[in-house]
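Please read the structure below before turning to the comments.
So you know, we letter chains A, B, ... as the sequences are listed, proteins then strands, and number each from 1.
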There are 2 protein chains.
Amino acid sequence: MGASYHQFCPVAKAMELLDERWTMLVIRELLSGSRHFNDLRRGLPRMSPSLLSKRLNHLARSGVLERRQEGREVVYELSPAGSELQAAIELLGAWGVRWIGELGDADLDPRVLMWDLHRNVDTATVPEGITVVRFDIVDAPPRLRRWWMVLTPTGVDVCDADPGHEVAATVNGSMRDLVSIWRGDRTWSSSLRRGAVTITGSTQLQHQVPIWFGPSRFATVPRPGDPDAALAS
Amino acid sequence: MGASYHQFCPVAKAMELLDERWTMLVIRELLSGSRHFNDLRRGLPRMSPSLLSKRLNHLARSGVLERRQEGREVVYELSPAGSELQAAIELLGAWGVRWIGELGDADLDPRVLMWDLHRNVDTATVPEGITVVRFDIVDAPPRLRRWWMVLTPTGVDVCDADPGHEVAATVNGSMRDLVSIWRGDRTWSSSLRRGAVTITGSTQLQHQVPIWFGPSRFATVPRPGDPDAALAS
DNA sequence: CAGTATCCCTTATGATACTG
DNA sequence: CAGTATCATAAGGGATACTG
């Protein structure tokens, strides 16, 4: 597990652990705030549960994270060592968004998008009561096409089935268009103007939805040929 | 080659390429100044040549490096994209030296040590003519025990056979002691004082050798429990 | 110097189903 | 919720020898 490079170089010793498949993504999920096994799974839908379990154990043995039993729940948390990987992972993500721009259709997983969007919402801006925003991903396979984001001031839930509450706003768009907004390759406003994405609902919500579901932290990374116009719309 | 994660996340897209075994070490070698196939091999002695070739091709196709034919030589050089990985790799190395301190015996490869030492020499401080420093790695296997560093103002060569010039100084020590100095876990002066390492030669050379063969760039990274005493001797 | 060509083999991984 | 169990396939990788 993580075959040795037989090198004393610190980069080699670090990579023995970190270059195992999925490992950096597990750490990314933990850095993003996931703490439970099934939360991690939602952010890593293509990773098999046994492999996730294996990676978590390995990372725990290696001192990168800690596994704690809290009542009947199990909680995973980064150790000080693991938390220190944040800067490196952010650099790698910034590098990725700059230099690996072309996404294949297979990269566009609606489950990942919804999971990312849901944890980016600033709940302090959510009104009292329950606000439901439906997403219609027009080109997703049938089972992954409709999503309901259930927003309350205390949290956001992602549902792939109708939770039964009134829908306050609906977002329509293709996976590629929505992902482009998330990654910062396009903005909400330019996409709305072009009609690539639409929002239905009250005027207020049409204004609020792009704020709640704003782009990822990597959106502001300047792109190679375009030093300071990354977010020009 | 670098199976897809099926994620649009920039970290995932970066790691699809970068978490393949050996890849980061190849880039590290290029960042350290190696430009030829056989130079890369010397820094990566446990990597098979076919795998190195495969990785170089993949990195070239991915735009991380450029392969150029210069006369009858082939030169590999990082592209702008590849060069931008420097900061990430340095963070990963710093993380490694902080959190992965325990080295197995198998990590202590004399070929890597000699190669690292040789390219760290500041040739501006080397006197005219030829200066040979011999290394005796007392616990290395017979074939990897004796090394000759041939220093001239224009470059440094590593030899695993007697080049025939007079030896001006000799360094004696175990792999573990020499690597500790290289990584910054110990200093030349403390190791000399303890007698773990010895240098024979003129007084001047006994002073000069620790300067020529100084520690790696990671030596100054502060260690976890020891915030600012990393290099206390 | 700069790689290719083989060749075997382990082991990593994906998919799926199932359990306390 | 939090995982384990099982299985078959693929392929990644190591070692070595050889070539223009």
Problem - Protein-nucleotide distance (B/Leu17, atom CG; D/dG12, atom C1'), rounded to Å - result: 16 Å
Problem - Between C1' of C/dT4 and CZ of B/Arg55, the distance in whole Å - result: 17 Å
Exercise for the section: Determine: side-chain N/O of A/Tyr76 to OP1/OP2 of D/dG3, distance under 4.0 Å, yes or no. Expected result: yes
Problem - Side-chain N or O of B/Tyr5 closer than 4.0 Å to phosphate OP1/OP2 of C/dG14 - result: no
Exercise for the section: Could you please name the option among C/dA2, D/dA2, D/dG3 that lies closest to any side-chain atom of A/Pro49? Expected result: D/dG3
Completion exercise
Testing D/dG3, C/dT6, D/dA5 for proximity to the side chain of A/Ser50, the answer is D/dA5
Exercise for the section: Could you verify whether a donor N or O on one side chain and an acceptor N or O on the other, from B/Tyr5 and B/Asp19, lie under 3.5 Å apart? Expected result: yes
Completion exercise
Whole-Å distance, A/Arg68 CZ to D/dC1 P, equals 18 Å
Handout entry: Pair B/Gln86, B/Glu90: side-chain N/O donor-acceptor within cut-off below 3.5 Å
Key = yes
Problem - CZ/A/Arg176: more than 12 non-hydrogen atoms of other groups inside 6.0 Å - result: yes
Practice task
Quickly work out the B/Leu56 CG to C/dA2 C1' distance and round it to whole Å.
Solution key: 11 Å
Practice task
Report yes or no: do B/Ser174 and B/Asp177 form a side-chain donor-acceptor pair below 3.5 Å?
Solution key: yes
Practice task
Classify the side chain of A/Ser53 and the base of D/dA2 as holding, or not holding, a donor-acceptor pair under 3.5 Å.
Solution key: no
Fill in the blank from the handout: From CD of B/Glu73 across to C1' of C/dG3 the rounded distance in Å is 14 Å
Problem - Donor + acceptor pair across side chains of A/Arg28, B/Gln7 (<3.5 Å) - result: yes
Exercise for the section: Let me know the distance between CG of B/Leu51 and P of D/dA17, rounded to the nearest Å. Expected result: 18 Å
Practice task
Taking only the side-chain nitrogens and oxygens of B/Trp22, find out if one of them lies under 4.0 Å from OP1 or OP2 of D/dG12.
Solution key: no
Exercise for the section: Have a look at A/Arg21 and say if it touches a base, only the backbone sugar-phosphate, or nothing, with a 4.0 Å heavy-atom cut-off. Expected result: sugar-phosphate
Completion exercise
Taken to the nearest whole Å, CZ/B/Arg41 to C1'/D/dA15 is 11 Å
Handout entry: Counter-base of D/dG20, judged by Watson-Crick or G-U geometry with both distances under 3.5 Å
Key = C/dC1
Fill in the blank from the handout: To the nearest angstrom, the NE2-P distance between B/His6 and C/dT13 comes to 14 Å
Practice task
Look at B/Arg42 and C/dA2 and indicate whether a side-chain polar atom (N or O) is within less than 4.0 Å of OP1 or OP2.
Solution key: no
Practice task
Name the residue closer to the 5' end of DNA chain C, choosing between A/Ser48 and B/Val74 according to the nucleotide with the nearest heavy atom.
Solution key: B/Val74
Exercise for the section: Establish, with yes or no, whether the OP1 or OP2 oxygen of D/dG13 is under 4.0 angstrom from a side-chain nitrogen or oxygen of B/Lys54. Expected result: no
